[in-house]
Amino acid sequence: MRRAVFPGSFDPITLGHVDIIERGLPLFDEIILAIGTNSSKKYLFSLEKRLEFLENTFKNEPKIKVTTYSGLTVDFCKEIEAKFLLRGLRNGIDLEFEKAIGQTNYKMEEIETVFLIASSGLEHISSTVVRDVMQHGGKYEFMVPDEVRK
Ligand code: ADP
């Protein structure tokens with residue numbers, strides 16, 4: 001079973017995430033969308049809400065499971081027997097950041113990270129920008145899936 005974990009805060013899930021997840025589907029038998037819980041981080045959406053957005057967005061995709069985890073991502077991968085992480089790369093900043101984490105995860109537990117480059121036209125989308133626009137009453141609808149728009 002080729003199982004991958006796509007970890008993130010998903011605060012909220014965006015069309016950028018959806019694109020990477022959907023493009024990851026042909027590569028894996030199962031993709032686990034895992035919301036990392038970090039008690040010291042402040043979120044706009046509650047964990048319940050973020051879970052609901054993910055579950056509803058992918059309710060018709062049997063290869064996708066949604067869950068939460070705490071602690072090291074590689075420990076969670078081992079626990080559920082996933083050998084791969086799936087991540088998206090928008091730009092050089094993402095690359096530099098992800099490179100160190102990917103190398104560390106491989107050294108620690110031989111968990112391989114599969115990186116997909118953001119699709120053209122979606123690389124400007126980030127949860128941070130979406131949250132900022134939402135909080136100031138701007139137009140965010142074109143950056144998020146239907147379930148977040150509702
Ligand atoms: P975190 O909370 O870990 O910062 P994010 O939700 O920001 O997580 O991102 C999770 C993953 O999704 C990362 O690999 C990030 O690069 C990727 N990602 C986020 N937005 C996009 C996008 N617009 N296109 C491609 N990948 C993206």
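All figures in this text were calculated on a predicted structure; none of them were measured in a lab. In this chain, residues are counted from 1 in sequence order. When a ligand or atom number is given, it counts from 1 through the structure's own listing order.
Between Glu123 and Gly121, the closest heavy-atom pair is OE1-N, 2.9 Å. When every heavy atom of Val130 is checked against every heavy atom of Pro12, the shortest pair comes out as CG1-CG, 3.8 Å. Among all heavy-atom pairs drawn from Cys77 and Leu85, the shortest one is SG-CD2, 3.8 Å. In terms of heavy-atom proximity, Asp19 sits nearest to Leu122 at CB-CD1, 3.5 Å.
Classified by interplanar angle (parallel below 30°, tilted 30° to 60°, perpendicular above 60°), the ring pair Phe53/Phe45 is perpendicular.
Ranking protein heavy atoms by distance to atom 2 (O) of ligand 1, first place goes to Ser9 OG, 2.5 Å. When hydrogens are left out, the protein atom nearest atom 21 (C) of ligand 1 is Arg90 CD, 3.6 Å; that is the closest non-hydrogen contact. Of all protein heavy atoms, the one lying nearest to atom 5 (P) of ligand 1 is His17 NE2, 3.6 Å. Among all protein heavy atoms, the one lying closest to atom 10 (C) of ligand 1 is Arg87 NH1, 3.6 Å.
Using a 4.0 angstrom heavy-atom cutoff, Glu98 counts as in contact with ligand 1. At least one heavy atom of Phe6 sits closer than 4.0 Å to an atom of ligand 1.
Close contacts between ligand 1 and Asp94 involve ligand atoms 16 (O) [criterion: under 4.0 Å to a heavy atom]. Close approach of ligand 1 to Leu122 is summarised as follows: ligand atoms under 4.0 Å from at least one heavy atom of the residue are 22 (C), 23 (N).
Scanning Ser119, Gly36, Ala118 for the heavy atom closest to atom 25 (C) of ligand 1 points to Ala118.
At a 4.0 Å heavy-atom cut-off, ligand 1 touches Ile20 through the side chain alone.
Ligand 1 has a nitrogen or oxygen under 3.5 angstrom from a nitrogen or oxygen of Ile125. Residue-to-ligand polar distances keep Thr14 apart from ligand 1: every N/O pair is separated by 3.5 Å or more. Considering backbone and side-chain atoms alike, Gly88 places an N or O below 3.5 Å from some N or O of ligand 1.
Between Glu110 and Lys83 there is no salt bridge, since no side-chain N of the basic residue sits under 4.0 Å from a carboxylate O of the acidic one.
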Any chance you could lay out the side chain to side chain contact (heavy atoms under 4.5 Å, CB included) test for Phe58 and Val18, step after step, and finish with the verdict? CA-CA 9 Å; Phe58 296 105; Val18 172; 4.2 Å; yes
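With no hydrogens or angles considered, no side-chain donor-acceptor pair links Asp11 and Ser127 at under 3.5 Å.
Among the candidates Arg2, Lys65, Lys63, the single residue satisfying the salt bridge (Lys or Arg N to Asp or Glu O under 4.0 Å) test with Glu30 is Lys65.
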